[in-house]
Amino acid sequence: MSEDGDDDTGPVAVSSPGDEDGNGDDRYAFWADEVADAVEARSPTEPVVIKGGISPSGVPHLGNVNEITRGYFVAEVLRDRGWTVRQVFTTDDRDPLRKLPRKLADLDGNIVDLGDVDAGALGRNLGHAYTDIPDPFGCCDSYGAHFSALIGASADLLGVPIDVVSTTELYESGRFDDVVEHVLANRDRAREVLGQYQDKVDADYAPFNPVCGSCGKITETVTGVDIDARTVAYRCTDIEAGERTIEGCGHEGEATFREGKLPWRFEWPAQWDVLGVDFEPFGKDHAEGSWPSGVDIAENVLGTDPPEPMVYEWFTLDDEPFSSSEGNVVLVHDVLETLEPEVLRFFFAKDPNRARDFSVERLDQLVDEFDRAERLYYDEETGTDDETRRADRVYPYLFDLDDVPDDALAAGDVTVDPAAFDHDDPDHRRQRRTFLDETFTDRVRLPYTFAAVLGMFDDEAARLEAARAQNHVTDADPDWAVTDAFERVALASEWATRTDNEYNYSVQRGSAPAVDVDDETAAALDELAGFVADGADGEAIQGEIYETAKRHGLDVGDFFAAGYRLFFDDDEGPQLGYFLAKLDREFVVDRLRRER
RNA sequence: GGGCCGGUAGCUCAGUCCGGCAGAGCGUCUGACUCUUAAUCAGACGGUCGAGGGUUCAAAUCCCUUCCGGCCCGCCA
């Protein structure tokens with residue numbers, strides 16, 4: 001993983017509690033198993049600490065969620081091996097706001113344009129720490145607190161337990177005092193080490209950025225350090241932020257170690273040290289930048305061991321890079337309106353080494369892939385050995401008791417409250433696994449695109465009827481499984497609406513689409529209209545469509561197409577007979593007669 | 001300039017670390033079910049594994065070179 005020539009990421013020796021991945025085949029079916037082995041090889045003390053973190057600079061998008069979910073899978077594997085794990089998430093909220101994002105989001109996850117909030121007020125806060133900037137929505141203590149709350153909510157939505165740790169809080173509480181003192185007391189060494197990685201480090205460089213006592217900006221020019229008093233003297237000078245310069249106010253003053261921050265290259269290793277981090281995944285951007293220097297700083301400035309690393313590739317959103325500042329974002333909140341949480345977790349369980357596109361257009365493919373993995377896990381389908389091994393290994397970690405209906409839990413004699421599920425409690429874990437392997441085998445999944453089709457029936461009974469007709473639901477299925485399965489209809493419908501794809505049909509109520517029908521088809525339509533007018537249920541109408549077409553010597557497919565054209569102005573649609581039965585009869589009859 | 005990750009069927013990707021007959025799903029095509037309408041089922045088509053060289057009895061897999069794509073070496077997942 002680390003490619004640094006001279007560090008000591010030792011050989012991976014398998015050890016410790018309940019090692020259980022040796023089934024005669026020692027290849028890794030799941031990347032998290034390999035990482036867990038490496039973490040165990042460090043002989044960590046409990047709780048094992050797994051970290052992630054971001055700056056709360058704006059909307060926490062799906063890419064940011066890697067920082068939560070990648071660590072989660074490793075945490076879960078370690079917990080299954082008997083380890084107690086703490087997953088922390090640092091919100092780097094003392095970082096300064098460098099650039100105004102184009103889009104923001106309220107606490108419910110609704111995206112709003114910058115122009116819809118007080119952009120001027122935000123603009124005046126460039127250069128200030130996120131926790132010192134008022135929340136543009138007025139609902140949280142600060143800008144930083146607002147977006148930290150959103151990322152915390154994203155984790156909750158995915159059922160991942162994290163301790164959110166505010167970096168500002170680490171400074172203000174004094175937890176960082178000792179490490180800041182150490183860095184500043186050894187600032188020559190710090191300069192020397194970081195200087196190997198960054199050209200801008202010169203003789204004047206001081207590894208601390210005080211908050212200006214006058215204008216409140218994070219400043220860079222330290223003019224003196226008093227270790228005993230735990231203060232630094234500074235002058236508030238201009239700072240560079242991308243192409244623009246944020247002007248300093250010129251104020252000269254003194255700041256304590258709690259009134260400022262370490263530069264990122266030092267702050268990250270300081271977090272490892274203070275929080276005792278054993279494993280941290282990070283994006284490819286850090287792999288060649290802050291990671292190598294962080295290792296060096298940890299070992300040679302702080303004198304601590306860096307955590308086990310893991311680099312993950314970035315995602316794109318419909319082939320475009322995610323960008324909080326550019327506004328190309330999608331929140332977990334949004335995604336969960338179209339996907340079950342287990343499917344989204346599945347996306348994050350894929351190989352981190354591979355760049356992936358989160359394609360909204362092709363969400364059905366992702367869901368199908370998940371469904372297949374699930375069937376492989378339950379031995380309801382056969383696949384290649386590799387596919388099966390992967391499914392067996394990965395699927396249990398996608399499941400969360402909170403995602404299934406209460407009566408399902410009751411049916412499985414689950415006594416733990418899903419909302420109070422303790423990932424470190426062996427009994428809770430056992431109950432979850434037992435439920436998964438026993439009760440949940442009765443679950444029902446409607447294929448995603450079929451669920452999208454069902455979305456056009458606004459009537460519950462009609463949906464059930466159609467699903468039964470296709471044998472997706474049978475009398476043998478427990479009620480909870482049927483209820484649960486139909487949850488997918490709302491998700492798939494939302495997807496169809498958002499992408500406006502071929503499942504987003506809408507009945508052309510206003511006026512009949514222009515349809516040219518030949519005489520024979522016209523006669524058949526009239527006859528069908530008569531049948532409908534006499535009153536018939538969906539199944540009867542469906543059958544009659546075939547019969548009518550045959551009587552008139554019409555191709556059944558063409559006749560259906562004529563029907564779809566009349567009602568949807570499209571060549572295809574839902575099962576027509578069932579669908580027409582659910583519309584008001586007079587309208588259907590008139591439309592079939594091309595009279596309205 | 002230096003580095004990281006990828007390139008395998010039309011599409012999405014497993015397989016590469018640890019060499020052993022090139023795989024899956026979707027799509028396409030054909031056929032069947034005397035109701036083909038997200039159909040379903042059966043079958044078929046589909047690949048110089050980016051390219052070249054090397055090691056080997058044997059290479060998608062290991063080594064060297066090279067091309068293409070994404071990214072990093074300010075801040076960023």
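By convention in this document, chain letters (A, B, ...) are assigned in the order of the sequence lines, proteins followed by strands, and residues within each chain are numbered from 1. Side chains included, hydrogens not; waters and symmetry mates left out as well; all remaining heavy atoms used. Please read these numbers as outputs of a predicted model, since none were measured by experiment.
Look at the P atom in both C41(B) and A22(B): the space between them is 29 Å, to the nearest Å. Annotation: U12(B) and G27(B) have their P atoms spaced 15 Å apart (nearest Å). Taking atom C1' in both G46(B) and U28(B), the straight-line distance is 9 Å, to the nearest Å. Taking atom C1' on both nucleotides, C62(B) is separated from G15(B) by 16 Å, rounded to a whole Å. Going from the C1' atom of G47(B) to that of G23(B) covers 11 Å, rounded to whole Å. Taking atom P in both C18(B) and C64(B), one finds a spacing of 14 Å when rounded to whole Å. C72(B) and G52(B) are spaced 32 Å apart, taking the P atom of each and rounding to whole Å. Rounded to the nearest Å, the gap between the P atom of U61(B) and that of U56(B) is 16 Å.
Counting atom types as modelled, His472(A) pairs a side-chain N or O with a base atom of A38(B) as donor and acceptor under 3.5 Å.
The interatomic distance linking Arg445(A) (CZ) with G25(B) (P) rounds to 20 Å, in whole Å.
Glu369(A) comes within 4.0 angstrom of no nucleic acid atom, judged by non-hydrogen atoms across all strands. At a threshold of 4.0 angstrom between heavy atoms, the contacts of Asn501(A) with the nucleic acid are absent. Residue contacts for Val453(A): at a heavy-atom cut-off of 4.0 Å it reaches the sugar-phosphate backbone alone, with no base atom in range. Using a 4.0 Å heavy-atom criterion, one finds that Asn353(A) contacts the sugar-phosphate atoms exclusively. Residue Ser323(A) is classed as having no contact, given no heavy-atom separation below 4.0 Å to the nucleic acid. Using a 4.0 Å heavy-atom cutoff across all strands shown, Arg375(A) reaches no nucleic acid atom at all. Residue Glu547(A) is classed as having no contact, given no heavy-atom separation below 4.0 Å to the nucleic acid. As judged by a 4.0 angstrom heavy-atom cut-off over every strand, Tyr503(A) is placed among residues touching the sugar-phosphate backbone only.
Under 4.0 angstrom from either OP1 or OP2 of G70(B) there lies no side-chain N or O belonging to Trp314(A). One finds no side-chain N or O of Gln196(A) lying less than 4.0 angstrom from the OP1 or OP2 phosphate oxygen of C73(B). Residue Tyr546(A) has no polar side-chain atom (N or O) positioned under 4.0 Å from OP1 or OP2 of U34(B).
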Show me the protein contacts with nucleotides 7-9 of chain B, counting only N or O atoms at under 3.5 Å.
from	atom 1	to	atom 2	distance (Å)
G7(B)	OP1	Arg354(A)	NH1	3.4
G7(B)	OP1	Arg354(A)	NH2	3.1

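Pair assignment for C71(B) gives G3(B), based on Watson-Crick or G-U wobble hydrogen-bonding distances that are each under 3.5 Å. Taking a pair to require two hydrogen-bonding distances under 3.5 Å in either a Watson-Crick or a G-U wobble arrangement, C18(B) remains unpaired. Under the Watson-Crick or G-U wobble criterion, with both distances below 3.5 Å, A38(B) is left unpaired in every strand shown. Checking C62(B) for Watson-Crick or G-U wobble geometry (two distances, each under 3.5 Å) identifies G54(B) as its partner. Of all nucleotides present, only C26(B) satisfies the Watson-Crick or G-U wobble test against G10(B), with each distance under 3.5 Å.
Nearest nucleotide to the Arg372(A) side chain, out of G70(B), C76(B), G25(B): G25(B). For Ser55(A), taking side-chain heavy atoms from C-beta onward, the closest of the listed nucleotides A77(B), A24(B), A38(B) is A77(B). Set against A38(B), A77(B), C13(B), the side chain of Arg356(A) has C13(B) as its closest nucleotide. Of all nucleotides listed (U37(B), U12(B), G70(B)), G70(B) comes nearest to the side chain of Lys284(A). Residue Arg362(A) has its side chain nearest to C11(B) when only A38(B), C11(B), U37(B) are considered. Among the nucleotides U12(B), C17(B), C76(B), the one closest to any side-chain atom of Gln365(A) is U12(B). Comparing atom distances between the Phe322(A) side chain and each of A38(B), A77(B), G70(B) picks out A77(B) as nearest. In the set G70(B), C76(B), A77(B), G70(B) carries the atom at the smallest distance from any side-chain atom of Glu313(A). Of the candidates U37(B), A77(B), U12(B), the closest approach to any side-chain atom of His61(A) belongs to A77(B).
The existence of a salt bridge linking Glu67(A) and Lys51(A) is excluded, since no basic side-chain nitrogen approaches an acidic carboxylate oxygen closer than 4.0 Å. Between Glu380(A) and Arg375(A) there is no salt bridge, since none of the side-chain N atoms of the basic residue sits less than 4.0 Å from a carboxylate O of the acidic one. The pair Glu247(A)-Lys217(A) does not count as a salt bridge, with every side-chain nitrogen at least 4.0 angstrom from each carboxylate oxygen. The residues Glu494(A) and Arg498(A) are annotated as salt-bridged, a charged nitrogen and a carboxylate oxygen being separated by less than 4.0 angstrom. Checked for salt-bridge contact, Asp296(A) and Arg265(A) miss the test: no charged N lies under 4.0 Å from a carboxylate O. Using a cutoff of 4.0 Å between basic side-chain nitrogens and carboxylate oxygens, Glu313(A) and Arg354(A) are not scored as salt-bridged.
For the atom pair Leu62(A) CG and Phe348(A) CZ, the distance stands at 4.0 Å (nearest 0.5 Å). Atom CZ of Arg102(A) and atom CG of Asn328(A) lie 10.5 Å apart (nearest 0.5 Å). Note that OG1 of Thr521(A) is 13.5 Å distant from CZ of Arg565(A), once rounded to the nearest 0.5 Å.
Both Pro447(A) and Ser290(A) sit near RNA chain B, but only Pro447(A) has its closest nucleotide nearer the 5' end. In this structure, Gln198(A) and Tyr448(A) both approach RNA chain B, and ranking their closest nucleotides by distance from the 5' end singles out Tyr448(A).
The side-chain contact (heavy atoms from CB on, under 4.5 Å) check on Pro513(A) picks up Gln508(A), Val515(A), Asp569(A), Arg591(A), with sequence neighbours excluded.
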